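Chain letters run A, B, ... following the sequence lines, proteins first and then strands; every chain starts at 1. Note: hydrogens, waters and symmetry copies are ignored here, and every other heavy atom, side chains too, is used. As the structure is a computational prediction, the values presented were derived from the model and not from experiment.
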Protein chains: 2
Amino acid sequence: MKLDPIPANPSDDPFDDDFDIIEPLCAVFRRALKGEGLKYTPERARILDTIIRRDGMFEADQLLEQMRSDGFRVSKATVYRTIKLLEDASIIQRVLFDRDQSHFQLAYGKAANTLLVRMDTGEVEAIEVPELIALRDKLCAARGLKAEGHRLQIFAVGE
Amino acid sequence: MKLDPIPANPSDDPFDDDFDIIEPLCAVFRRALKGEGLKYTPERARILDTIIRRDGMFEADQLLEQMRSDGFRVSKATVYRTIKLLEDASIIQRVLFDRDQSHFQLAYGKAANTLLVRMDTGEVEAIEVPELIALRDKLCAARGLKAEGHRLQIFAVGE
DNA sequence: GTGCGTGCAAAGACTTTGCACGTAC
DNA sequence: GTACGTGCAAAGTCTTTGCACGCAC
């Protein structure tokens, strides 16, 4: 994929009002930015909105392509920079199951560190596994360590 | 890291006889290569041997550096090409917990899919967690799926 | 108005590939 | 002797960064 120069924008104003129809997360992001002395820009709002609409795993340039096909002017650099901010704000999290590219998913409000990956359909579902915390803490304690987090990916197929 | 040109070789003959002191895995690799009509070369033997001696997680250029400091002439390209062959032969497996680089580990004979990553020291230990299989199978069964594999990373610090 | 943000191009980091020469079989 | 392998350099990908202009606060 090799698209850097931004194509002309079909709609004149890239900043219109329905970009934040999903209020809560935008508010979270806004607050996080303000806390760092950073600004809530149309581009950042759009990017988060696009992520929310996708509602699934995404890659940086999927996001870029989708935004462009939706008629938004955004640069690759801004997408990457915003992804980093969203990660810092714990609104999205990096997944890492493909060696070529980083994948991300919404993470806010859930500790989505267990993924059920369907190898036949490609679907990825974030699931809750409370038992894992106990298991992980036990394993660490047995070695004199303190668990700070974990990540589990389960690969499955329908039967 | 930026070292491509191979430095002059301290020992004249890069191919001496103790490169395959650990017989079994070399034999496995040799057989796998023969099966594909490929050749068992000194470089390939050395690379596998170096991996076995390390006995832990490794990255492509760690391998390269170690081989060079051991006095072997090998190129980056050959290391990458051989890693791919070893992966195909299921002798090593790719780990993916760092977004910058692929990590690998010996895979032959064990299913090392749980990693304990020490965030303070950077150490990574592959551990066995039999309970995980049952847990994972249960989660899949509850959704009408069949588990094919899993991968767990636990992040911890000393206390 | 100031300082952060954006787009663009270029640089970076890891990995892959084309080519000519060399070697395992 | 032939086909595969190697080293080197260059190209490829994904991601990051320097810079000048622009906008949110």
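Atom-to-atom distance recorded for D61(A):CG and Y80(A):OH is 6.0 Å, nearest 0.5 angstrom. Rounding to the nearest 0.5 Å gives a distance of 12.5 Å between CZ of R44(A) and CZ of R30(A). Once rounded to the nearest 0.5 Å, the distance linking CG of L86(A) with CD1 of I47(A) reads 7.5 Å. Taking CD from Q62(A) and CE from M67(A), the interatomic distance works out to 13.5 Å, rounded to the nearest 0.5 Å. Put simply, CG on D137(B) and NZ on K146(B) are 9.0 Å apart, with the number rounded to the nearest 0.5 Å.
When rounded to the nearest whole Å, the span between CZ of F29(A) and P of dG5(C) equals 10 Å. As rounded to whole Å, 7 Å separates atom P of dG5(C) from atom CG of L85(A). Atom CZ in F72(B) sits about 19 Å away from atom C1' in dG5(D), given to the nearest Å. Put simply, CG on D61(A) is 17 Å from P on dG12(D), counting in whole angstrom units. Across the protein-nucleic acid pair, D88(B) atom CG and dT16(C) atom P stand 11 Å apart, rounded to whole Å. The CZ atom of R46(B) sits 12 Å away from the P atom of dG7(D) (whole-angstrom rounding). The NZ atom of K84(B) sits 7 Å away from the C1' atom of dT16(C) (whole-angstrom rounding). One can place CD of Q101(B) at 17 Å from P of dC14(D), the figure rounded to the nearest angstrom.
The shortest heavy-atom contact between L25(B) and L48(B) is O-CD2, 3.7 Å. L135(B) and E131(A) make their closest contact through CD1-OE2, 3.6 Å (heavy atoms, listed as atom of the first residue, atom of the second, distance). Minimum interatomic distance between A147(A) and A156(B) (heavy atoms only, all atoms of both residues): CA-CB, 4.0 Å.
A close approach under 4.0 Å does occur between a side-chain nitrogen or oxygen of T41(B) and OP1 or OP2 of dT6(D). The phosphate of dT6(D) (OP1 or OP2) has no side-chain N or O of S75(B) nearer than 4.0 angstrom. Regarding contacts with the backbone of dT16(C), every side-chain N or O of Y80(B) stays at 4.0 angstrom or more from both OP1 and OP2. In this structure, R44(B) reaches the dT6(D) phosphate: one of its side-chain N or O atoms is under 4.0 Å from OP1 or OP2.
Using a 4.0 Å heavy-atom criterion, one finds that K34(B) contacts no nucleic acid atom at all.
When each of dT6(C), dC4(C), dT16(C) is scored by its nearest atom to the side-chain atoms of L38(A), the top-ranked nucleotide is dC4(C). Each of dG7(D), dT6(C), dT15(C) was ranked by its minimum atom distance to the side chain of S102(B); first place goes to dT15(C).
Checking R94(B) against G37(A), the closest nucleotide of DNA chain C that is more toward the 5' end is the one next to G37(A).
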Pull out every protein N or O sitting under 3.5 Å from an N or O of nucleotides 18-23 of chain C, one pair per line with the distance.
none

* Structure fact -> Output field dot_bracket for DNA chain D (Watson-Crick or G-U, both distances under 3.5 Å, | for other-strand pairs) contains |||||||||||||||||||||||||
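Among the candidates R151(A), H103(A), Q105(A), the single residue satisfying the side chain to side chain donor-acceptor pair (under 3.5 Å) test with Q93(A) is Q105(A).
Remark: F155(A) engages no residue in a ring pair (Phe, Tyr, Trp, His ring centres under 6.0 Å) (not counting sequence neighbours).
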